[in-house]
Amino acid sequence: MPPPTVPFFLTSTTLAAAAAKPQRPGPPSPPAQQQQPREARDGSRDACASYTARMRLNPQLALRLFDHLLRSGADPDHVAYALALGRCARGRDRRAAAQLHSHAAKRGAASHRRVCNGLIHAYAVCGSLLDARKVFDRGHEGDAVAWNSLLRGYAAAGDVNALREFFVGMQARDTVSWNTIIAWCVENGEYEEAIAVFREMLASMECLPDRVTLVSVISAITYLGALAQGLWAHAYVCRKGIEVEERLSSALINMYSKCGCIEGAVHVFENLGAQMNVDTWNAMLAGFTANGCSEKALELFARMEITGLVPNKITFNTVLNACSHGGFVEEGMGCFERMTKVYGIEPDIAHYGCMVDLFCRAGLFDKAEKMIQMMPMKPDAAVWKALVGACKTHRNFELGRKAGHMLIEAAPNDHAGYVLLSNIYALDGNWTGVHKVRKLMLDRGVQKVPGSSSIEIDGVIHEFISGDKSHSSKEDIYEMLSEMCQQLKVAGYVPDTSHVLLDIDDEDVKESSLALHSEKLAIAFGLISTAPGTPIRIAKNLRVCGDCHNAVKLLSKIYGRCIIVRDANRFHHFREGSCSCGDFWTVYSGSRESSALTSTRWPAADSSYPAPVDNKL
């Protein structure tokens, strides 16, 4: 019989009976311990100590053991209350915490520091911030544990104003306090704010950062793609002698990988020694995959298997992605088979999506459709995106239209589906279809994310959008952009206007549109802001279009620069006129700065929209 969802003691009269035990009419009497014979007091303390020891060993049974403690006739001490309240916090059981609060108050134990801290923590974790604040305001303002418990409660509740006000008003802030704020910033996408808080922490000299601090800060740096700040953070870890355990090592590997510095990731990985777990291997595998090193990823996976470490679902998802990005069809099929037959891992939607992407990139549409049909679950948006993107690349417009409708049906609020389908129509010259997709998108209130590219110069991140003229160095940037265009023409570059999916007849207008893409502006700024030979690192929020990809390859050769571009899906390392992706990347181009959804001229068309097709293609 499964245990009841409500702890047993809550459904009994034990608490009420125990709470009533010392209550007697008449004048105040001496404490209960003084009234009891010495032998009885000693026996009660021994029983309480026995139960609290068992509660420590079995924290999941803390409430049940607390009930047995009361039934034994022993008086619970502050340790027993704290352990029971800890179980309430872990189980998010506000009702049990409130009953323990009432019982402790009647027994005179609610004023003890450990019990108060347990109550504040339990109430805060359960979301009862008013109750937590009432306990806190009863004279426990000097306790760091109480402050941090309430601070975490405000962070979990998402009350930004209350969180900041409480943090600023803290009498003494320790590492836990700062970690709470930094982690909240990272979890809520406030990455620059997280780094600013970390700098303030260092400047305040109230306490020193620990591993938890550095993991959060490095995660924020990773999202920003700010390699210079990442290098400083890694140097700080080494300088302060902070132990690089599994979580911190994975964060460092991830940071270097996602900043396009795969050499740094390899350095961290190879110097870990025995402190490697499956997460560390997965981080390095993902780094190789994202940076276009598919062969190295497969070699690392083989090395992982030799060590005897058992891969998990994330490992296979990463390896299958590597096969997909590298065009290793046979290897991917073998890996998918070994996952189930050798390791007994049932494929999930992500693994099936990788296989569909693998076949799509290779133009094997029959295999891709067969994989979709054999999936035990309904295909998600990622599967349809891979198929639509492949149809665009291989100009399979009929299948692309069908898959595009399925994509919009699977993710009606995602702009990428509408962009992909409209691009299929535009490439096919069907501007009526483009108009229908645009109208549907407008009717549903779905907005396309504008393309932007950023570059870090001397620790400062500069962001550009297509045709941007807001930068303080705009004149120098556009002068360099003009020089870049001239150099490209001399090198024999011809703009690929097929990537301007607009209903425009003037080729000059199309070429001008391509020249003003945000990544080209960022590269121009990088060329005028860094010394010759210095690598240029660009982060882009969308996929790089084919024309920019071709242009940047030539620019890397013309200017003798390594240009590293991180787009929405992977890294492109441009060196000496070639790219690390081997040009095997153009399957999914869901969002670009020049899409059919930004067309400036729309033909009159019926507003009806083609009905979605069946799940079977």
key: C391/F365 under side chain to side chain contact (heavy atoms under 4.5 Å, CB included): CA gap, chis, key distance, verdict   = CA-CA 9 Å; C391 290; F365 291 106; 3.8 Å; yes
Would [X] and [Y] count as a close aromatic pair, with their ring centres under 6.0 Å?
| X | Y | answer |
| --- | --- | --- |
| Y256 | H267 | no |
| Y425 | H435 | no |
| W281 | F301 | no |

At their closest point, which heavy atom of [X] faces which heavy atom of [Y], and how far apart are they?
| X | Y | result |
| --- | --- | --- |
| N541 | P450 | ND2-O, 2.9 Å |
| A322 | T289 | CB-OG1, 3.4 Å |
| A416 | K385 | CB-CE, 3.9 Å |
| L248 | L214 | CD1-CB, 4.0 Å |
| V266 | F288 | CG2-CZ, 3.8 Å |
| L407 | G417 | CD2-CA, 3.3 Å |

Is there a donor-acceptor pair closer than 3.5 Å between any side-chain N or O of [X] and the backbone N or O of [Y]?
| X | Y | result |
| --- | --- | --- |
| E295 | L298 | no |
| D348 | H351 | yes |
| D210 | V212 | yes |
| E519 | I538 | no |
| N188 | E190 | no |
| S324 | L320 | no |
| R566 | G260 | no |
| S518 | I465 | no |
| D279 | R247 | no |
| S452 | F464 | no |

Using a cut-off of 6.0 Å, state whether more than 12 heavy atoms not belonging to [X] lie near its atom [atom1].
| X | atom1 | result |
| --- | --- | --- |
| K296 | NZ | no |
| E192 | CD | no |
| I314 | CD1 | no |
| K367 | NZ | no |
| R152 | CZ | no |

Any side-chain donor paired with an acceptor under 3.5 Å for [X] and [Y]?
| X | Y | value |
| --- | --- | --- |
| Y352 | D380 | no |
| T315 | N312 | yes |
| S257 | N254 | no |

Are [X] and [Y] within salt-bridge range, i.e. N to O under 4.0 Å?
| X | Y | value |
| --- | --- | --- |
| R543 | D567 | yes |
| D443 | K439 | yes |
| R338 | E305 | yes |
| E243 | R211 | yes |

ask   = Do R561 and S556 pass the side chain to side chain contact (heavy atoms under 4.5 Å, CB included) test, and can you show the C-alpha distance, the side-chain angles, and the key distance before you say yes or no?
value = CA-CA 5 Å; R561 298 286 193 108; S556 68; 5.6 Å; no
task = On the 0 to 90° scale, with breaks at 30° and 60°, tag the H573-F571 ring pair as parallel, tilted or perpendicular.
result = tilted
task = Could you point out which residue of L227, I564, L224 forms a side-chain contact (heavy atoms from CB on, under 4.5 Å) with C259?
result =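 So the option named by the test is L227.
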